[in-house]
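What follows is a single structure, written as structure tokens, with notes after it.
Being a predicted model, the structure only gives us computed values, none of them experimental.
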Amino acid sequence: QVQLVESGGRSVQAGDSLKLSCATSGFTFSRYVIGWFRQAPGKEREFVAAVSWGGDKTLYADSVKGRFTIFRDNAKKTVYLQMNSLKPEDTAVYYCAASYEANWASMHIRRVYAHWGQGTQVFVSL
């Protein structure tokens with residue numbers, strides 16, 4: 001059974017840092033691209049970041065580039081999202097997702113991800 005479980009979300013103040021984790025099981029982790037998406041109230045779920053199978057390639061949304069870092073530990077089957085200099089507009093439910101898609105150029109597209117976690121809430125206040 002494929003499982004992705006996010007953790008680490010909480011309430012923080014603007015400028016703070018937070019590290020999210022995505023623990024996985026039930027699939028060959030090292031063969032999947034893992035992405036992070038987020039959904040704010042009343043908005044569409046949007047791409048945040050993705051990391052390739054071996055961790056050598058990363059992709060970021062413009063809104064988080066330079067502030068967020070995605071990385072993976074294949075031995076632990078876990079992906080992390082280090083979020084620095086948080087802003088109120090980063091407030092959202094953050095989801096991790098797994099994709100077997102081979103086309104790296106499409107890793108920002110929600111529909112290429114087959115498996116999703118339940119999400120973890122991040123709230124950033126002024």
Side-chain angles (χ1 to χ4, degrees):
Q1 181 182 358
V2 174
Q3 283 193 316
L4 296 93
V5 180
E6 303 92 337
S7 62
R10 60 182 177 91
S11 295
V12 296
Q13 291 188 321
D16 284 353
S17 296
L18 201 56
K19 182 180 176 182
L20 304 183
S21 299
C22 172
T24 74
S25 62
F27 62 100
T28 307
F29 179 75
S30 60
R31 296 183 182 178
Y32 280 72
V33 170
I34 304 296
W36 284 95
F37 288 73
R38 67 186 182 186
Q39 188 166 17
K43 294 188 176 182
E44 294 288 317
R45 193 172 298 188
E46 64 175 5
F47 172 77
V48 175
V51 61
S52 63
W53 311 273
D56 57 320
K57 291 192 291 186
T58 56
L59 183 67
Y60 296 95
D62 288 343
S63 59
V64 306
K65 203 172 292 183
R67 299 188 298 123
F68 290 12
T69 302
I70 186 172
F71 56 102
R72 66 194 292 161
D73 184 333
N74 282 356
K76 294 183 178 180
K77 298 183 180 180
T78 300
V79 171
Y80 305 93
L81 185 67
Q82 176 67 46
M83 306 187 294
N84 299 329
S85 303
L86 282 161
K87 305 175 181 179
E89 50 263 44
D90 295 318
T91 294
V93 177
Y94 283 71
Y95 300 89
C96 64
S99 173
Y100 198 66
E101 173 63 44
N103 183 2
W104 180 247
S106 64
M107 286 300 101
H108 64 289
I109 300 174
R110 181 179 167 182
R111 60 176 169 79
V112 306
Y113 291 83
H115 308 292
W116 292 81
Q118 293 301 305
T120 186
Q121 175 74 55
V122 172
F123 183 83
V124 184
S125 60
L126 285 171

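Between the OG1 atom of T120 and the CZ atom of R10 there is a distance of 11.0 Å, given to the nearest 0.5 Å. In this structure, OH on Y94 lies 14.5 Å from SG on C22, to the nearest 0.5 angstrom. Note: S25 OG to L4 CG = 7.5 Å, rounded to the nearest 0.5 Å. Rounding to the nearest 0.5 Å gives a distance of 10.5 Å between CZ of R67 and OG of S17. Here the CE atom belonging to M83 is positioned 10.5 Å from the CG atom belonging to D16, to the nearest 0.5 angstrom. Atom CG of L20 is separated from atom CD of Q82 by 9.0 Å, given to the nearest 0.5 angstrom.
Ring orientation note: the planes of F27 and Y32 are nearly perpendicular, at an angle over 60° on the 30°/60° scale.
Connectivity analysis of hydrophobic side chains (ILVMFWY, heavy atoms under 4.5 Å, direct or indirect) links Y95 to V33, F37, F47, W53, L59, V93, W104, M107, I109, V112, Y113, W116.
Two residues are said to be in side-chain contact when any heavy atoms from C-beta on lie closer than 4.5 Å; V124 and L18 fail this criterion. E46 is listed as a side-chain neighbour of R38, based on a closest heavy-atom distance under 4.5 Å.
The pair K87-D90 does not meet the salt-bridge criterion, since no charged nitrogen lies less than 4.0 angstrom from a carboxylate oxygen.
Residues meeting the side chain to side chain contact (heavy atoms under 4.5 Å, CB included) test with A114, sequence neighbours left out: none.
Using a distance-only test at 3.5 Å, with no hydrogens or angles considered, no donor-acceptor pair links the side chain of R72 to the main chain of G55. For the pair T24 (side chain) and K77 (backbone), a donor-acceptor distance under 3.5 Å is present. Side-chain atoms of E6 come within 3.5 Å of backbone N or O of C96 as a donor-acceptor pair.
With Y80 as reference, F71 is the one residue of W36, F68, F71 to meet the ring-ring contact (aromatic ring centres under 6.0 Å, His included) rule.
By the 6.0 Å contact criterion, CD on E44 is open, its count of non-hydrogen atoms from other residues, nucleotides or ligands being 12 or less.
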